[in-house]
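Structure record follows, encoded as C-alpha cells.
Because only heavy atoms are used, hydrogens play no part in the values below, and waters and symmetry mates are left out as well, while side chains stay in. Per chain, numbering begins at 1; letters A, B, ... match sequence-line order.
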There are 2 protein chains.
Amino acid sequence: MSTIKQVAARAGVSFTTVSHVVNRTRPVSDAARIRVERAIAELGYFPSAVARALKTSQTRILGVIVPNIINPFFSELVRGIEDACERNNYSVFLCNGDDDRDRQGRSLDTLLGRRVDGVILATPAGPATTLARRIAATKLPTAIVDRPVPGARVDHIAIDHAAGARLAMEHLLELGHRRIAHISGPSAFEVSRARAAGWRQALQGAGVEPREDWLLEGDFLAPSGHELARKLLAQGEITAIFASNDMLAFGALRAAAEAGWVVPRALSVVGFDGIEIGSFTSPALTTVGVPIRQMGETAAMVLLDRLAGRTKRPGETIVAPRLIVRESTGPARGA
Amino acid sequence: MSTIKQVAARAGVSFTTVSHVVNRTRPVSDAARIRVERAIAELGYFPSAVARALKTSQTRILGVIVPNIINPFFSELVRGIEDACERNNYSVFLCNGDDDRDRQGRSLDTLLGRRVDGVILATPAGPATTLARRIAATKLPTAIVDRPVPGARVDHIAIDHAAGARLAMEHLLELGHRRIAHISGPSAFEVSRARAAGWRQALQGAGVEPREDWLLEGDFLAPSGHELARKLLAQGEITAIFASNDMLAFGALRAAAEAGWVVPRALSVVGFDGIEIGSFTSPALTTVGVPIRQMGETAAMVLLDRLAGRTKRPGETIVAPRLIVRESTGPARGA
DNA sequence: ACGATCCGCGCAAACGTTTGCTAACTTGCT
DNA sequence: AGCAAGTTAGCAAACGTTTGCGCGGATCGT
C-alpha cells in the first residue's frame with residue numbers, strides 16, 4: 001500500500017498538502033490539487049484508516065456483540081446496523097458471543113483493544129449484565145438492544161414484549177381459544193419472562209387459570225419448540241400454542257404436522273418476531289411482528305448521534321410490535 | 001483509555017518494559033513484571049490494536065464481503081468465518097455488498113482503507129469479477145468462496161455444483177419423475193448456470209429433452225420461488241421441481257400449498273444448500289446439503305494459512321455436497 | 001512605492017505502539 | 001582483582017496520519 005508521502009513525492013508537494021486535498025480541510029490551488037489527485041489515482045492510494053485512527057483517536061467503528069448470527073433475528077438486526085453505519089461511513093466489527101459468557105467477555109476485550117467508538121450489545125443472555133457493567137466502567141458509548149439493564153447509563157432500544165404478548169393472546173382469545181399453552185425462551189432472559197407474563201395475564205384476564213403444565217421452557221431454537229410441542233400435544237387438551245419466538249413456533253408447527261394435528265383446524269400457533277421466512281411456510285405463520293431491521297438501524301443511529309454529540313443523556317426507545325395474522329391461527333375447535 | 005506510558009509510570013518502569021511484559025517478548029524480572037501486571041489491572045489497560053497495527057503493519061482483521069447477511073446461507077458462512085478467526089485472534093469486518101455493484105466497490109474501498117490483512121469474497125454476483133480483479137491488483141491476500149474467477153491468483157473454496165445437481169436429479173429420476181422443472185438463480189451467476197446445467201444434463205441423460213419453459217429464472221429469494229412455481233404449476237404438466245436453492249424451494253412449496261398440490265404426492269420439490277430451517281418446515285425439505293459453516297471456516301483457515309506464510313501458491317478446495325432426503329420428494333404421480 | 005492583507009503551502013510534533021541498540025549492573029572464572 | 005559473559009532494562013526511531021504555526025509571495029489600497 002502506498003502512503004501519503006509517496007503521493008506527495010509523486011505530486012511534488014508536501015504531504016501536508018496531500019492530506020488537505022484528501023480531506024478538503026483547507027484550500028489548495030487547482031494546480032496542486034490536480035497533481036495530487038492524479039498521483040493518488042496512479043498509485044491507487046487509500047488513506048490509512050489505521051494511522052488516522054491513531055492520530056484522531058476515533059476509529060469510526062462500531063462493535064456489535066450478538067449471540068448468534070445464524071439466528072434470523074440477529075442477522076436482520078445486524079443488517080440494519082450495518083446499513084446505518086454504511087450510510088455514515090462507519091464500519092462494523094462483528095462478534096458472536098455464542099451464548100457463552102467467556103466468549104462474550106473476550107469479544108468485549110477485543111472490541112476494547114480495537115478502540116471501537118461504540119458498542120451495540122444485543123445479547124439477551126444473563127451475562128450481558130456483567131458485560132454492560134464492564135462497558136459502563138470503561139465509559140464506552142453503548143446501545144443495548146432489547147434487554148433492560150437497570151441503572152446502566154446507556155441507550156436502550158426495547159421491544160414492548162408485554163404489548164406483543166397481549167396482541168397474540170387477544171387474537172387467540174377472540175378466536176375462542178381458552179386452553180392456550182406457552183412455549184417460552186430460557187427463563188434466565190428477561191425477554192422470555194416478559195412474554196410469559198403477558199401470556200399469564202391475558203389468560204387470567206379472560207377468566208382462565210393458567211395451568212403450569214401449559215408453560216414449557218425452550219431455548220428459542222426450532223428443535224426445542226419441536227420437542228416441547230410434542231409433549232403439549234400428547235396431553236391432548238390444548239387448542240393453541242403461543243410460542244415465544246418464531247423458531248419455536250416453527251418447531252411446534254412441525255410437531256403438529258407429525259402428530260397429524262391440522263393447523264389451524266385442530267391447533268392454532270402464534271409466533272413472535274416476524275422473521276421473513278414465516279410468510280413462506282405452510283401454513284404461513286401468524287406472529288407478532290417486530291421491525292427488527294429497523295431496530296438495528298435505530299440502535300446504530302442512536303449510538304451515532306451520541307458519538308456526534310447530538311444527544312446528551314441516554315434515552316430509551318420503545319418499539320411497538322404489531323400482530324401479523326396469517327394462516328396458523330383459526331377458531332378454536334369446538335368453539 | 002489508558003496508554004502504555006501511563007502503565008509504565010504507575011509501575012515505575014519504562015514503557016519498553018511494559019511492552020515486553022505484555023507481549024512476552026523478552027525476559028523481565030519478576031519484580032518488574034508483577035508491578036507492571038498490577039498497574040495494568042488497576043488501570044484496566046488494553047494495548048491499542050490501532051497503534052500496534054500501525055507499527056507492525058498488520059491489523060489481524062479479515063474483511064468479509066457478502067451480498068446479504070439475512071440470507072441464511074451467508075449468515076452460516078459468516079458464522080464459520082467468525083469462529084475460525086476468533087480461534088486465531090483475528091477479527092472480522094463485515095460488509096454487506098447488497099447485490100449492488102457500487103456498494104460492493106465501496107465495501108472494498110473501506111476494507112482497503114482499513115488495511116485488512118485479507119479479504120474473503122463471497123459475493124456470487126457478476127461484479128465480483130471486477131472486485132476480484134481490483135483485489136488482485138492490490139495484491140491483497142484473498143479467498144473467494146464459491147465462484148470461479150478465471151486466472152485470478154487467489155485461493156478458492158468451491159462447491160461442486162454439478163455433482164450436487166446430479167444428486168438431486170438422480171434422486172428425482174429414480175422416483176420416476178421425468179417432467180422436472182428447474183427454478184434457477186440469476187443466470188448472471190456462475191452458480192446458477194452450473195446447477196442449471198446439471199439439471200439439463202441429467203434430464204438428457206435420462207432421455208428426456210429439457211423443455212425451455214421448464215426452466216425459470218429466479219433470484220434466490222423465496223418470493224421469486226413462489227411466483228415462478230405458480231407459473232410452473234399452472235402449466236400443469238410437471239411432477240417435480242428442482243430449485244436452485246432452499247429459499248426458492250420454500251417459495252415453491254408455498255405455491256404448491258396455495259394451489260392445492262399436496263407435496264410430495266402431487267409434486268416433489270428439491271432444494272439446494274441445506275439450511276437448517278429446512279428440516280422444520282412441513283413437509284421437511286429434501287435438499288442438496290452443503291457444509292456451509294464448515295466452508296466458512298475453511299475459507300478463513302486457508303486465508304490465515306497464507307497470511308502466516310504456511311502456504312505458497314493459491315489453492316482450490318472443493319467441497320462435495322450430499323443429498324438430504326426428507327419429505328418433499330416422493331414417487332412421481334402416475335409412476 | 002510601500003505597508004497591510006490574504007492566499008497557498010511547508011515544517012514538525014504528536015498519536016501509542018514495537019524493536020534495534022546500548023548501558024548498567026551482577027555473576028563467574030582465572 | 002580483573003575481565004568476560006550474562007541479565008535486566010532504558011532510549012529513541014519509526015509506522016502514516018492530522019493539525020497548529022509560521023513564512024514567502026501576490027494583491028490591494030492609498
5' precedence on DNA chain D between A:Phe46 and B:Thr16 (nearest-nucleotide basis): B:Thr16

Map B:Phe15 and B:Ser57 onto DNA chain D by nearest heavy atom, then report which one ends up closer to the 5' terminus. B:Phe15

Minimum heavy-atom distance B:Ala53-B:Thr59, with the two atoms named: CB-CG2, 3.8 Å

For B:Cys85 and B:Val92 the tightest heavy-atom approach is SG-CG2, 3.8 Å

Residues from residues 19-32 of chain A lying under 4.0 Å of DNA chain C - heavy atoms: A:Arg26, A:Pro27, A:Val28, A:Ser29, A:Ala32

Outermost DNA chain D nucleotides near chain A [under 4.0 Å, heavy atoms]: D:dG16 to D:dC21

Scan for ring pair (Phe, Tyr, Trp, His ring centres under 6.0 Å) pairs involving residues 79-105 of chain B, sequence neighbours excluded, and state none if there are none. A:Phe93-B:Phe93

A:Asn23-A:Arg52 side chain donor-acceptor pair, cut-off 3.5 Å: yes

Assess, by modelled atom type and distance only, whether the side chains of A:Asn89 and A:Arg60 contain a donor and an acceptor separated by less than 3.5 Å. no

Spacing of CD1 belonging to B:Ile65 relative to CD1 belonging to B:Ile135, to within rounding of 0.5 Å: 6.0 Å

With a cut-off of 6.0 Å (strictly less than), are more than 12 heavy atoms of other residues, nucleotides or ligands near CZ of A:Arg313? no

Under 4.0 Å, heavy atoms only, any strand: does A:Thr17 hit a base, just the sugar-phosphate, or nothing? sugar-phosphate

Within the structure shown, what part of the strands sits under 4.0 Å from A:Arg33 by heavy-atom distance: base, sugar-phosphate, or nothing? nothing

Does A:Glu297 pair with A:Arg87 as a salt bridge, N-O distance under 4.0 Å? yes

